[in-house]
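In what follows, a single structure is set out as structure tokens and then discussed.
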Amino acid sequence: MNVHITNIYGFIQDQELKKKQNIYADAAHVLGFKEMGIFNFDVSTDTENELSKRIDGIILSLQFNDLVFVQLPTGNGEYYDNLLINKIKAYNTKVCILLHQIIEYEYVLNVVDLIMPTSNEVYAYLKEHNYSNVFYKKNIDYEFESSSNSSNILSSDFYIKKYLIDAVDQLEEPVLDDDVIHIGFGLHDKDGHYSVWVGTVMQSILEHTDSRVCFHILHDETLSTDNKYKLEMVAHNGSSKIEFHKIDENDFSIVKNQMSRFTIGAMFRCSLPELLPDLNQII
């Protein structure tokens, strides 16, 4: 499965829109997304057949069951954007719209799997109109800026990448295939350094197997947002899946002081049968 993102090129009057799309595309490149370049032009010069062929060329790398992030608006108008979404959906893809401006494309906004607002203004509009497929995790600070300029994008490259990764996790189905190797880690990171060793082991595994891998990280509140992001980067750069399972450390309070040279994280793996009852086996 590949993950794609659209990005606009060419002369466009709305340079702020172009800048936003370029910034998100740059962040997605780092995460390994494939780009679908869209040239901004006067679509009225194309016949319906010519326009259809043009879009077919844009989505040429698309395969069935891929994930696609479509940045809207493209600047080419509602008809173009509708046709683009329809052609992408024909591949049985999961489609997520990165919505940079308010658009009243009722069909498009309802047919896609997720809508990711990139400003307070857009989020407020979607909420007001009761779209059920809006993606906004309130328990994570995505740094939506509260300045008078409500069109500000997320202010940090880190949070843009985090936003994209969380959306991929939302779109992907749970990995339970028999051909996937499932590997579990118990992670208690009191000093913030143990995550590095988990990431090192993950990287080594990915370099020494051609199989699909799903990493399960069993952690408590000591796993920082920054270290969680770094572990996600290791997994996604290796085209693998990672799932985080938060453990209540108090569940192991009885044995906490009996762990000797081991941390309480070693006990988290005892929770695997309860957390993943449908798995046949896990390392």
Side-chain angles (χ1 to χ4, degrees), residues 1-4 27-34 65-67 69 94 96 114 135 137 139-140 158-249 251-252 259 262-283:
M1 181 198 69
N2 296 311
V3 184
H4 308 259
H29 292 160
V30 176
L31 298 175
F33 291 21
K34 295 185 176 183
N65 301 316
D66 281 353
L67 304 183
F69 289 78
K94 293 288 185 68
C96 177
L114 283 181
F135 182 73
K137 298 183 72 174
N139 60 324
I140 294 180
F158 170 86
Y159 282 101
I160 290 174
K161 292 173 184 174
K162 177 65 178 167
Y163 201 26
L164 294 172
I165 288 175
D166 285 343
V168 169
D169 289 341
Q170 178 80 7
L171 288 165
E172 287 183 334
E173 298 295 333
V175 180
L176 296 174
D177 300 356
D178 292 336
D179 62 339
V180 174
I181 298 175
H182 293 267
I183 301 176
F185 291 92
L187 177 54
H188 175 79
D189 201 5
K190 182 178 180 180
D191 298 321
H193 303 306
Y194 193 74
S195 295
V196 175
W197 300 112
V198 173
T200 301
V201 175
M202 288 169 55
Q203 185 64 42
S204 178
I205 290 170
L206 294 174
E207 290 176 357
H208 291 86
T209 182
D210 294 325
S211 300
R212 296 171 61 204
V213 178
C214 180
F215 297 105
H216 297 271
I217 310 298
L218 283 64
H219 67 94
D220 55 16
E221 70 282 352
T222 61
L223 176 61
S224 69
T225 300
D226 186 47
N227 282 335
K228 182 178 179 182
Y229 167 71
K230 291 176 181 178
L231 293 175
E232 289 173 328
M233 286 287 290
V234 172
H236 287 290
N237 285 343
S239 299
S240 293
K241 173 79 173 174
I242 186 168
E243 295 184 359
F244 292 90
H245 311 272
K246 190 170 183 179
I247 303 296
D248 186 351
E249 185 180 332
D251 292 344
F252 299 95
M259 296 303 295
F262 298 101
T263 72
I264 192 64
M267 298 300 299
F268 293 169
R269 289 169 291 182
C270 296
S271 303
L272 282 169
E274 179 182 349
L275 291 170
L276 302 168
D278 296 325
L279 278 186
N280 293 323
Q281 58 184 359
I282 184 170
I283 300 174

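- Distance check: L206 CG to R212 CZ gives 13.0 Å after rounding to the nearest 0.5 Å.
- No side-chain donor-acceptor contact under 3.5 Å links T209 to the backbone of I205.
- Not a single donor-acceptor pair under 3.5 Å links the side chain of N227 to the backbone N or O of L231.
- Side chains of F158 and D226 form a contact here, defined as non-hydrogen atoms less than 4.5 Å apart.
- H29 meets the ring pair (Phe, Tyr, Trp, His ring centres under 6.0 Å) test with no other residue; sequence neighbours excluded.
- F268 has its side chain out of reach of F185: every pair of non-hydrogen atoms, C-beta onward, lies at least 4.5 Å apart.
- Within the 4.5 Å cutoff, the side chain of I217 has heavy atoms near those of the V198 side chain.
- Between A235 and I242, the shortest heavy-atom distance links the atoms CB-CB, 3.7 Å.
- No donor-acceptor pair closer than 3.5 Å links the side chain of K94 to the backbone N or O of L67.
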* To do: Assess whether side chain to side chain contact (heavy atoms under 4.5 Å, CB included) is satisfied between V213 and K241, documenting all intermediate values.
  => CA-CA 6 Å; V213 178; K241 173 79 173 174; over 6 Å; no
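- With a 6.0 Å radius and a threshold of 12 heavy atoms from other residues, nucleotides or ligands, E207 has its CD atom above the threshold.
- Contact check for F244 versus D169: no side-chain heavy atoms found under the 4.5 Å cut-off.
- When each of L187, L223, I247 is paired with L218, the side chain to side chain contact (heavy atoms under 4.5 Å, CB included) condition holds for I247 and for no other.
- Annotation: salt bridge (charged side-chain N to carboxylate O under 4.0 Å, His left out) contacts of K246 (sequence neighbours excluded): none.
- Across every non-hydrogen atom of S211 and I181, the tightest pair is CB-CD1, 3.6 Å.
- Between the D189 side chain and the Y194 main chain, a donor and an acceptor come within less than 3.5 Å of each other.
- Looking at residues two or more places apart in sequence or on another chain, you find no side chain to side chain donor-acceptor pair (under 3.5 Å) involving K34.
- Between K230 and S195 there is no side-chain heavy-atom pair separated by less than 4.5 Å.
- Between F215 and H182, every side-chain heavy-atom pair lies at or beyond the 4.5 Å cut-off.
- Note that CG of L272 is 4.5 Å distant from CD1 of I282, once rounded to the nearest 0.5 Å.
- Residues L171 and L114 meet the side-chain proximity criterion, which asks for heavy atoms closer than 4.5 Å.
- Between K162 and E232, some side-chain heavy-atom pair lies under the 4.5 Å cut-off.
- Atom CG of L279 and atom SG of C214 lie 8.0 Å apart (nearest 0.5 Å).
- Outside the 6.0 Å centre-distance limit, the rings of H219 and H188 are not counted as a close aromatic pair.
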* **N2 vs F33, side chain to side chain contact (heavy atoms under 4.5 Å, CB included): CA-CA, chis, key distance, verdict** => CA-CA 7 Å; N2 296 311; F33 291 21; over 6 Å; no
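- A donor-acceptor contact closer than 3.5 angstrom links the side chains of T222 and D220.
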